[in-house]
Structures are given as C-alpha cells and as structure tokens.
Number of protein chains: 2
Amino acid sequence: MVELTRRQEIESAASSLFHERGYAGTSVRDIARAVEIQGASLYAHVASKQDVLWAIVRTTAGRFEVAADAVEAAVPGAIADGQGALLSALVRAHVGVVTEDIERASVFVHEWRALEDERRQEIALRRDAYEARFRAVVANGVRTRAFVCVDPPTTAAYILTALNGIVAWYRPDGRLSARSIADAYADLSLRAVSIDEGAG
Amino acid sequence: MVELTRRQEIESAASSLFHERGYAGTSVRDIARAVEIQGASLYAHVASKQDVLWAIVRTTAGRFEVAADAVEAAVPGAIADGQGALLSALVRAHVGVVTEDIERASVFVHEWRALEDERRQEIALRRDAYEARFRAVVANGVRTRAFVCVDPPTTAAYILTALNGIVAWYRPDGRLSARSIADAYADLSLRAVSIDEGAG
DNA sequence: CCTACCGATCGGTAGG
DNA sequence: CCTACCGATCGGTAGG
C-alpha cells in the first residue's frame, strides 16, 4: 500500500463515489464522510467539488494519451500488416488504462459532461483527437487492404465504445483478469475489421 | 406529429433532460419548465420524480425485450448458419430500438442505477436475461463451429456495450442513418466472432 | 394547474 | 481541520 496524501485520498474517494452515483448524485459531504472529515473541512484541501472532478478527468485523459503515445512510438505502423498490430496494441493500451483504475476511467467516460463549459470543451477536443487515432488506423488499414471496407468513423466508434463499456462491468476481483480481457478485446476488435485468412 | 397527453409530454421532456444532464442533475422544476408549468404542478400528473424515471426505464426495457422476442420468433436459429443470422438480427433489432428513441434508450442505459432498490433490482435481472440471449447465440455459434472460439460472456459484453454506446454519439439528423448504422454494426459484430471464408 | 409553503440538503464561506 | 453559518435549491404537500 502506498501512502496517500489527504488530497489524493479525497480524489480517490470521490472517484469511487462519482463512479457509483455520478457527479450530480454525490454531495461534498458524501466525499468528506468517506475520508472521515467534516463537510466544510474538505475545502481546506480542494477549491470546489468541480475542482475534484476536473482533477480526476484531467489525470485520466492524460493516461489514455500517454498510453497511446507509447504505442505509436513503439509499434511500426508503416510496415506491411502494421495497421493490424497497431490497432491491436491501441486496444490493449486502452483496456490497460481502464482496468488499471476502473473508478477514474468510469468517471472520465461518464462524468466529463458535468464539467463546466471551458473544461468540458477541452476534454471534448482531446477525446476527439484520441478517437481520431483509432479512425486513422482503421482508415490506413482499409487503404492498404489489410482491413475490410468499413466506414472508419463508425468502426472507431464501435470499437471505442466497446472498450469504454468495460467500466460498466469490470471487477478487479472478477472471473476475468485485465490481461485476458485485453487479449479478448484485441482479438474481437481486430477480427471486426479484418479479412480473416482462414485462421479457424 | 402525434398529439401527446400531458403525462406523455412530461415523460418526453424528462427523457431529454435525463439524457443531457442525468437523473440526479435534473430537478423537477427543470422538467416542469420544459413543459411550461409550475414545479409543483408537475405533481398533478406524476407521483414523483422517481416515478417518471421508472416509466421511462420500464417502457424502454420492454421495447428491447419485444424486439428480441420478434427476432427469435422470426429467425430460425436451428439451421446450419442459423447463429450468424440470429446474431445479426439481434444486433439490428437492438440498434433499431436505440435509434428509434435515442433519449429514452440513453436514460435506460445510463440512469437505471438511479432507480430505487426494488425497481433497480428488477431491471438488473431483466438486463441480464436480455444479455443472456446474446451469450446464448454466441455460445451456440461456437459449439456449431460457425463462430471462432471466443468466450461467450466477454463477447456478448463487447458487442452489447458497443451497441449501447450508440446513445453517446448518435444524432437523428447526423451523417449516418439508423439503417446504415444497423448495417455497419451487424457486420462488425458478425465479423468479430466469425471465421471469414475469404470474402475480402 | 396555481400559490404558498415545508423541512432537508445543497455547495460553499468566515473565522478560528 | 473544526464549529457555525450562509443563501439557494431540492423534492414534495396543502388547499384551493
């Protein structure tokens, strides 16, 4: 167990509550109770409830971006069947971030709409830029005939919403390990766009 | 345009607001304002805010079940490649219900957790029974070797969360028709589990 | 469907 | 990090 600062404890407790009940359904006193302080005392550590949401969403957005950056730096997308390997690696990276911190990932996926205008707008742009990476991989795969002829935006939306859907059912102590989910989801996503060459 | 009763107007306005801001993020006065009556006047038509949510969720749960019933009655799942046709038809039916009423579908998908204990429990059971239909089709397809060897629960979760994810991005006046989304999603779902016989 | 009103809770501040 | 407190809003009721 890592030592958490009070601020980290608060963000962690808030992630859990926002995950379970949503941002609007969680009061600052709910968060305070979870870390065993008075409601008003929370403001010694955070500027506002909105501030806590922003910290959670910003952090998680960064994790997805960093994971995808690492994939694109490591996986050569230019070679022959590069797009298949790249898509598979992007899927695994995404599943990894989700399963590593299911509560924050869930808040990122579902509660970013509760952000105030400017921050909400920023996250909308970053989410779209992230999704564009998936669209690009699919489009490149279609162009090089590695993938079947699909509509890249629709396909990227299909795959990404399936990946994000993990937050609705994943349990760290459940039947499936994070690794086995990553394996299965990479296979499913790759087959969804691929011309299978008789692997059955 | 169909004439709506006041009660139907209220449910419709509430669906729209719950879709945009969530159940907890919507006040009864927000709903009242949308139908241009006073907050307290809402209670001449509904018993409670919770009652409105329940009506929306119950109705939508029924639509998914009826659509799947119709598919299973119409598509012969017993013949040779029956599972492929059945999965494809179930996907199309689900996409149809979602795109037909995106706001209610969105509330069903995201806000059923805000239901009170007993109703929430009922919906949890009905959702699981519905998902079990997808698990069964996948499992049958694997057994008859129509589908590749996948884990049926994981695969059903993957497909269904992708389908439900439509509520997050679909716009009735957008680039894609409901029909083209159904086509694309049926293809993606089927390929995700199928041994492609060289259709590329 | 309205006005008038209820107690409870909301996010947050003051001052220590 | 606490006590004491703020105005605003919450879901809902009474009585017409």
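Side-chain atoms are counted along with the backbone in the values below, which use heavy atoms only and exclude waters and symmetry mates. What you are looking at is a predicted structure, and each value in this text was computed from that prediction instead of being measured. So you know, we letter chains A, B, ... as the sequences are listed, proteins then strands, and number each from 1.
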Whole-Å distance separating the CD atom of Gln38(A) from the P atom of dA4(D): 11 Å
Whole angstrom is fine here: how far is it from CD1 in Ile31(A) over to C1' in dC10(C)? 12 Å
Asp30(B) CG to dA8(D) C1', in whole Å, measures 14 Å
Please work out which of the three classes, parallel, tilted or perpendicular, describes the rings of His110(A) and His110(B), given edges at 30° and 60°. perpendicular
Once the angle between the rings of His94(A) and Phe134(A) is folded into 0 to 90°, is it parallel (under 30°), tilted (30 to 60°) or perpendicular (over 60°)? perpendicular
Taking the side chain of Tyr43(A) as heavy atoms from C-beta outward, which of dG12(D), dG12(C), dC2(D) is closest to it? dG12(C)
Which of the following nucleotides, dC2(C), dT3(C), dC2(D), is nearest to the side chain of Ser41(B)? dC2(C)
I need the CD-P distance between Gln50(A) and dG12(C), as an integer number of Å. 9 Å
Using Watson-Crick or G-U wobble geometry with both distances below 3.5 Å, tell me the partner of dT9(C), or none. dA8(D)
Could you give the CD1-to-P distance, from Ile37(B) to dC2(C), as a whole number of Å? 6 Å
Looking only at side-chain N and O atoms, does Arg29(A) come under 4.0 Å of OP1 or OP2 in dG12(C)? no
Would you mind telling me which of Thr155(A), Asp128(A), Asp151(A), Thr154(A) makes a side-chain hydrogen bond (donor to acceptor under 3.5 Å, both in side chains) with Arg135(A)? Asp128(A)
Which residue lies toward the 5' end of DNA chain C, Ala44(B) or Ala47(A), if each is placed at its nearest nucleotide? Ala44(B)
Can you tell me how the ring of Tyr158(A) sits relative to the ring of Tyr158(B), calling it parallel under 30°, perpendicular over 60° and tilted otherwise? perpendicular
Checking dA4(D), dC1(D), dC1(C) against the side chain of Arg6(B) (C-beta onward), the nearest is dC1(C)
Paired nucleotide for dG15(D) [Watson-Crick or G-U wobble; both distances under 3.5 Å]: dC2(C)
Answer yes or no: does a side-chain N or O of Ser27(B) lie under 4.0 Å from OP1 or OP2 of dT9(D)? no
Please determine, for the side chain of Ala40(A), which listed nucleotide (dT13(D), dA4(D), dC2(C)) has the closest atom? dA4(D)
